[in-house]
Structure formats: C-alpha cells, structure tokens
Amino acid sequence: MTDLSIAAAPEAAAYTVVMKFGGTSVADAERVRRAAERIVAAKEAGSRVVAVLSARGKTTDDLVAMAYEVSARPDPREMDMLLSTGERISCALTAMVINDLGHEAISLTGSQAGIVTDTSHTKARILDVRAGRIDAALSDGKIVLVAGFQGVSTAADVTTLGRGGLDTTAVALAAALGGDCEIYTDVAGVFSADPRIVPDARKLTQASFEEMLEMSASGARVLQLRSVEYARNHGVRIHCRSSFEDRPGTWVLTEEETMERPLVTAVTHSTDEARVTLTGLPDEPGVAGRVMTALAEANVNVDMIIQNEPESMGREADMSFTVPRDDLTPAREALAPLRAELGIADVATDARMGKVSLVGAGMRSYPGVAAKTFSVLGDAGINIEMISTSPIKISVVVREDDVPKAVLELHTAFGLGADAVRPEDPRGVHRPTVPSR
Ligand code: ASP
Ligand code: MG
C-alpha cells in the first residue's frame with residue numbers, strides 16, 4: 001500500500017477538465033482545427049483532457065429534417081441511430097487533427113465511453129457512467145474525445161439525450177472523473193438577456209446552480225437543463241465561455257461560492273410554447289391526475305398548469321397547461337381517448353405562445369418583484385395569459401409576438417443592462433446594496 005501511494009501521488013494531483021464544444025465551434029475544417037488546438041493547449045498545460053464535441057453546425061437539425069422527409073412520425077429508436085452519427089463525425093475528425101499535431105487522441109462513441117442510459121429514446125437519461133476506459137486512456141497520456149449526446153441503453157440500444165444533451169454528457173463525465181467542466185460555445189457566457197433582443201445585455205461573471213436551473217428551464221439556451229441539475233447534484237463547477245476568444249465567461253457554482261446576489265439576475269424567454277385548454281372537465285377527485293398521467297405516459301413535458309374551479313359545487317372545471325410546441329401532437333393524441341371517457345367538453349390548443357421569465361436568487365426574500373413585472377408589462381400593452389412563480393423566478397406566458405418587447409421592457413425596468421446604475425435604482429423596488437441571505 002505504501003509504495004502505491006508514493007507512485008500515485010503526482011498522478012492524483014493532475015487536474016482533469018472536460019471541454020465541451022458546441023456545433024458552431026466545430027462547424028468547418030478551420031474551426032475543428034481551432035478546437036483541436038485549444039484541446040492540445042489544455043493538455044500541454046498539464047491537464048488530463050477529455051473533450052466532448054457536438055455534431056457540426058446544423059448537422060443535428062439536418063438529420064432531424066431528413067427523418068421527417070421520409071416519415072411523419074419517425075420511430076424513436078431509429079431516430080437515435082440516425083442522430084448519434086453527427087457527434088461521431090466531429091470526434092473522428094478532431095482526433096485526426098490532434099494526432100497530426102503530435103498528440104495521441106482516441107475517439108469513443110457514447111457506448112464505448114461507458115455512458116449508460118435508460119430506454120426512453122430521443123430523451124434518455126444517464127443512469128451510470130462507467131469511465132474506466134476513459135480513465136485508462138487518460139493515464140496513458142491520451143486525449144479522449146467522446147461523442148456526447150448519446151449513450152447505450154440498459155437494453156443495449158443506442159440512445160440520445162434530447163436536444164442540447166451534449167452538455168449533460170460533459171457534466172456527467174466531469175462528475176465521474178472528478179474534474180471541472182468547460183462549455184465552449186459561440187457566445188461569451190451567460191447573459192442577463194438574449195443579446196439579439198437586448199443589445200445592452202450584460203455578461204454574468206457567475207450564477208448559482210439554482211439560478212441557472214431556472215434560467216435553463218425558462219429558455220436560456222446556453223446550458224441544457226439536465227446538465228445543470230446533474231452539475232448541482234454532483235457539485236460539478238461549470239465554466240461557460242467563448243470558443244473564439246480567451247476571456248473568462250460565466251461560472252456556474254453553488255450559491256455559497258457566488259458573490260453577487262442581485263434581486264433580478266436575468267430575463268429569459270422562449271418562443272416555442274403551446275397551450276392546451278380543456279373545458280368542461282368533471283369537477284371530481286382524480287380527474288387532474290388522469291389527465292396528467294395520460295400526458296406523462298406519452299412522455300409529454302407539461303410546464304405551467306392552471307385549473308379553475310367552478311363557483312358552485314358539482315359543476316365543470318377548466319384546465320390550461322403549456323407544453324413545448326413539439327409535444328403538442330403527442331399531447332393531443334394522449335388526450336383523445338380521455339375526452340369520451342371523462343366527458344371533457346372541449347380540447348382547444350394554441351401553438352403560438354411564448355414565455356418570459358425573471359430569475360434572481362435575491363428575489364427570494366424581497367416582495368414587489370411580481371407587482372413591478374406585471375405593471376411593466378401592462379404599461380407596455382402586453383397581455384399576460386398565464387403566470388407561475390418559484391421562490392427565485394416569475395414567469396408569464398404571453399403571445400409569441402409579444403416576447404421580444406416584454407424582454408426588452410423588463411430588462412430596462414429592472415436595470416439589468418451593462419451601463420445601468422445598479423445600486424439603489426430609484427425606479428426599482430428596494431434593492432439591498434449588501435446581499436442578504
Ligand atoms: N447535437 C445535439 C443537438 O444539437 C447535441 C448538442 O449539441 O447538445 O442537440
Ligand atoms: Mg447544442
């Protein structure tokens with residue numbers, strides 16, 4: 001035992017980093033070369049380096065389109081077989097470049113990398129990471145490239161993790177290998193709002209896991225929601241940064257590690273929501289359970305739910321909820337048999353909804369954020385269709401067309417811009433200058 005610990009000491013001190021490159025960062029030969037150089041630089045700086053690479057450019061979108069060219073409802077298992085090819089291409093190409101640069105690289109499929117998932121095709125969850133093969137390759141001095149966004153199911157089929165699932169692969173590998181996770185992307189970090197809508201949006205230097213969870217759940221596209229959940233559960237620090245420049249980006253950390261705690265940190269949005277409204281539901285115990293169970297069995301993700309109770313007993317109730325627009329067809333299909341069974345009067349759908357959310361760990365203990373949010377939207381003539389809140393988030397569903405204006409107005413009203421005067425903004429609700437806990 002004693003000689004082993006002496007031999008293992010320098011090895012154990014090595015820093016492990018899992019570098020994730022998004023689709024735009026490997027879009028063409030030149031960018032693959034740049035990503036490879038960045039990976040090699042990390043290796044030469046002494047780190048044990050694993051890189052997970054996305055499919056190039058719009059490859060995943062193209063593969064999805066290809067599937068819909070031949071089938072209205074592509075079989076999910078075959079969809080996974082198809083989609084998993086994109087990431088393999090990027091890994092093989094990057095490995096070739098790294099080998100030409102004089103380093104040893106090995107590319108692995110999700111299955112070879114030991115990523116074991118459940119069997120829900122096209123949105124599988126990682127159950128286990130058996131990182132032995134990666135670990136051995138790293139110990140041999142190799143750079144390991146992993147085709148992310150994919151794994152092998154407990155039924156030995158190829159699975160994919162859902163759009164944006166590469167982030168989850170990267171975080172899961174970092175957790176398994178005990179390293180940090182660096183997410184290289186085409187934006188400089190996480191912003192206070194989408195800079196395409198808000199020109200003076202500010203790059204955040206840090207965000208807590210909780211804030212990032214709310215932001216990812218409500219439309220921020222920088223990190224996939226599951227990756228943040230995974231990072232929080234396993235304590236993996238994430239650094240989101242640009243693959244085109246060397247400046248630091250945004251760190252996602254535990255709340256204890258973050259220093260800033262503004263009332264509102266960011267305004268996020270999504271424009272791919274759909275609403276389903278059920279009218280004339282029988283007002284009896286168990287009905288909401290039946291509706292949601294049917295949707296859950298069809299793997300439909302329900303987000304906001306509102307139910308209106310009739311004023312007098314024994315009458316009919318109405319229920320509205322939102323789903324991702326892509327889930328609207330499966331939702332309709334799942335509800336169809338329930339209509340006759342429960343005697344639902346009508347199922348109406350609206351595919352053109354959007355959602356705008358304010359997120360901030362600081363709002364946990366300060367009232368007034370909701371009041372101000374609704375007033376700002378009202379003054380802008382924007383109708384609020386649905387509302388939901390958490391201790392650190394306020395979300396409103398509005399018409400899809402109203403989303404950009406809502407984001408812009410709220411970002412300004414809460415003084416989130418790069419040049420906004422932040423402390424003691426007289427227009428704002430009370431904002432403590434010393435962050436409180
Ligand atoms: N290529 C996949 C996608 O576009 C996975 C990823 O990039 O995260 O969703
Ligand atoms: Mg992506």
Side-chain angles (χ1 to χ4, degrees), residues 18-28 31-32 35 38-39 50-68 74 76 78-94 107-111 113 115 117 120-126 129 145-153 158-175 181-187 190 212 215-217 219-231 236 238-244 249 252 270 272 299 301 324-327:
V18 177
M19 304 168 80
K20 177 253 171 170
F21 291 85
T24 47
S25 310
V26 290
D28 53 35
R31 289 184 182 186
V32 167
R38 204 136 190 179
I39 294 166
V50 176
V52 293
L53 308 166
S54 184
R56 307 176 84 194
K58 296 254 162 288
T59 302
T60 309
D61 290 336
D62 293 344
L63 292 171
V64 171
M66 248 182 241
Y68 282 97
E78 301 311 325
M79 195 69 170
D80 278 349
M81 206 59 182
L82 179 70
L83 294 187
S84 65
T85 59
E87 272 67 17
R88 292 192 189 201
I89 294 171
S90 302
C91 285
L93 292 174
T94 308
S107 65
L108 301 173
T109 65
S111 165
I115 314 244
T117 73
S120 4
H121 284 289
T122 76
K123 34 179 123 169
R125 280 186 174 268
I126 295 177
V129 178
L145 302 168
V146 177
F149 164 64
Q150 60 182 271
V152 60
S153 77
V158 173
T159 48
T160 64
L161 308 181
R163 298 308 303 270
L166 198 63
D167 297 339
T168 305
T169 307
V171 171
L173 289 173
C181 184
E182 290 192 321
I183 304 276
Y184 287 87
T185 172
D186 55 349
V187 291
V190 181
M212 204 58 229
M215 288 164 71
S216 293
R221 293 185 181 281
V222 192
L223 284 173
Q224 195 207 27
L225 176 62
R226 276 188 201 168
S227 70
V228 187
E229 277 170 356
Y230 207 106
V236 175
I238 303 179
H239 187 189
C240 297
R241 55 194 305 195
S242 164
S243 47
F244 308 122
V252 185
S270 73
D272 50 9
N299 235 329
N301 271 317
R325 196 168 294 153
D326 287 346
D327 282 357

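Below, all heavy atoms of this structure are taken into account, side chains as well, without hydrogens, waters or symmetry copies. Numbering of ligands and ligand atoms starts at 1, following listing order.
Using a non-hydrogen distance threshold of 4.0 Å, E87 registers as a contact of ligand 1. Contact between G164 and ligand 1 is present, with at least one heavy atom of the residue lying under 4.0 Å from the ligand. Heavy atoms of G165 come nearer than 4.0 angstrom to ligand 1 in at least one pair.
You'll find the side chain of M79 reaches within 4.5 Å of the side chain of V64, heavy atoms only. Between Q150 and D80 there is no side-chain heavy-atom pair separated by less than 4.5 Å.
At least one N or O atom of L166, backbone or side chain, sits closer than 3.5 Å to an N or O atom of ligand 1. For the pair S54 and ligand 1, the shortest N or O to N or O distance falls below 3.5 Å.
Applying the side chain to side chain donor-acceptor pair (under 3.5 Å) test to R56 and every residue at least two apart in sequence or in another chain returns nothing.
Taking all atoms of both residues into account, the shortest heavy-atom contact from C240 to V190 is SG-CG2, 4.2 Å.
Each of the atoms 3 (C), 4 (O), 9 (O) of ligand 1 lies under 4.0 Å from some heavy atom of R163.
Under the side chain to side chain donor-acceptor pair (under 3.5 Å) test applied with Q224, the options T168, T169, D167 reduce to a single match, T168.
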